[in-house]
Amino acid sequence: MFFKKKPAAEETAESEHDQSVNSSAQPLLSHLLAMRKLLIACLGAVVVGFVVAFYFLCTPLMKFITSPIEARGVQIIYTAMSEALTTQLKVSLIAGVVIVSPFIFYQIWAFIKPALYDNEIRVFRVLFFVALALFLLGIVFCYRYVYELAINFFLIAGEDLATPMLSIDKYVGFLFSFILPFGVVFELPIAIFMATRMGWVDHQKLASWRKYVFFGIFVLAAILTPPDVVSQVMLGLPMYLLFEVGVLVSRFTKPGRKET
């Protein structure tokens, strides 16, 4: 059985098509390999940070975490055999991530940097440090000024009903669920800046939304914080002030071109 030989033009077209397919597949494969390398490096760093935190920092961290409640004479207990250990593991994991976070951020930066222009690189560098500073400021503000108020509120509310003996796992969970939302919501000016740069909003539109934003912020504060008025107000007011800061930032931000 014989086959007809393809014309040279068809063979050339097929060869060019195969080359274009291969050339388009190679960047995708290289990106996937780079992402795999990134994930492995970050996971390995987290494991190392966790081990360091568990063996060298766990005890002082637990003392620091429980000091606000122990200073008020409240007993910390555990109600399950593994509760104390699992709580220490959780705290050590979070501390380990914090310890190796500079390495993780560097790896992520090295991954996305080749895809950015020079002006975008400068903007991302500034945004990174500002976002980190705002996140830490939110956590410090919460722990220093809001958390103790919330503890006092709950202890006073229940002092005539029962003797407080707090489970270590629930107490640590309450602490992190209380302070982490503050760190996140302090990123609001960054979110507004990026939305303005993308052309999604401007300062005039934001200013016209004030009353709706005010209502939405306090609804969100009620969802993110424990069910007491003090913590909700102490989160809602800074959020609204940060929104006003974002409006001011938007006023002086040159919007980018809207995508079509």
Side-chain angles (χ1 to χ4, degrees), residues 38-108 128 131-159 161-187 221 223-228 230-232 234-235:
L38 169 68
L39 293 175
I40 292 175
C42 293
L43 181 60
V46 169
V47 171
V48 173
F50 165 75
V51 172
V52 171
F54 183 75
Y55 282 101
F56 299 102
L57 301 175
C58 187
T59 299
L61 279 175
M62 294 303 299
K63 289 182 179 179
F64 176 76
I65 288 173
T66 57
S67 59
I69 200 71
E70 290 180 342
R72 291 161 174 79
V74 178
Q75 184 179 2
I76 301 291
I77 64 172
Y78 61 90
T79 58
M81 291 297 294
S82 61
E83 183 177 347
L85 177 60
T86 55
T87 303
Q88 292 179 76
L89 293 175
K90 291 177 185 178
V91 172
S92 298
L93 179 60
I94 295 173
V97 173
V98 173
I99 291 171
V100 301
S101 59
F103 175 80
I104 294 175
F105 290 141
Y106 175 79
Q107 292 295 321
I108 296 173
F128 169 76
L132 179 61
L134 287 174
F135 182 79
L136 295 177
L137 180 63
I139 290 178
V140 172
F141 172 82
C142 175
Y143 188 82
R144 180 66 181 82
Y145 298 104
V146 184
Y147 186 61
E148 292 189 2
L149 291 176
I151 290 177
N152 291 333
F153 175 84
F154 285 119
L155 291 179
I156 293 173
E159 64 181 359
L161 299 177
T163 301
M165 290 189 297
L166 302 180
S167 164
I168 183 64
D169 181 64
K170 291 183 178 180
Y171 171 75
V172 171
F174 172 81
L175 171 65
F176 286 117
S177 67
F178 195 95
I179 65 175
L180 288 180
F182 277 79
V184 173
V185 300
F186 267 59
E187 304 292 335
I223 295 173
L224 293 178
T225 57
D228 69 281
V230 174
S231 58
Q232 292 169 8
M234 292 299 291
L235 177 60

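- The aromatic rings of F141 and Y145 are tilted relative to each other, their planes meeting at an angle between 30° and 60°.
- Taken to the nearest 0.5 Å, the CG atom of L137 stands 10.0 Å off from the CD atom of E187.
- Note that CG of L85 and CD1 of I168 are 12.5 Å apart. Values are rounded to the nearest 0.5 Å.
- Here the shortest heavy-atom pairing between A53 and I99 reads CB-CD1, 4.2 Å.
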Please walk me through it: do F186 and L136 pass side-chain contact (heavy atoms from CB on, under 4.5 Å)?
-> CA-CA 9 Å; F186 267 59; L136 295 177; over 6 Å; no

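- F103 pairs by the ring-ring contact (aromatic ring centres under 6.0 Å, His included) definition with nothing, not counting sequence neighbours.
- Residues satisfying the side chain to side chain contact (heavy atoms under 4.5 Å, CB included) criterion with P164, sequence neighbours excluded, are V74, L155.
- Annotation for Y147 and L175: closest pair CZ-CD1, 3.5 Å, computed over non-hydrogen atoms.
- Closest of all the heavy-atom pairs between A45 and V100 is O-CG1, 3.2 Å.
- With sequence neighbours excluded, the residues that form a ring-ring contact (aromatic ring centres under 6.0 Å, His included) with F105 are F128.
- Identified under the side-chain hydrogen bond (donor to acceptor under 3.5 Å, both in side chains) test for residues 70-82, with sequence neighbours left out: R72-N152, T79-E83.
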Scan the side chains in residues 56-69 for donor-acceptor partners under 3.5 Å anywhere in the protein, sequence neighbours excluded, and list what turns up.
residue : atom : partner : partner atom : Å
T66     : OG1  : M62     : O            : 2.8
T66     : OG1  : K63     : O            : 3.4
S67     : OG   : F64     : O            : 2.7

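- The aromatic rings of F50 and F54 lie parallel to each other, with less than 30° between the two planes, well short of the 60° mark.
- For K90, the side chain to side chain donor-acceptor pair (under 3.5 Å) test picks out D169, with sequence neighbours left out.
- Between the side chain of E148 and the main chain of R144, no donor-acceptor pair closer than 3.5 Å is present.
- Closest approach of L180 and F135 over heavy atoms only: CD2-CZ, 4.3 Å.
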Step-by-step side-chain contact (heavy atoms from CB on, under 4.5 Å) determination, L89 to L93 = CA-CA 6 Å; L89 293 175; L93 179 60; over 6 Å; no

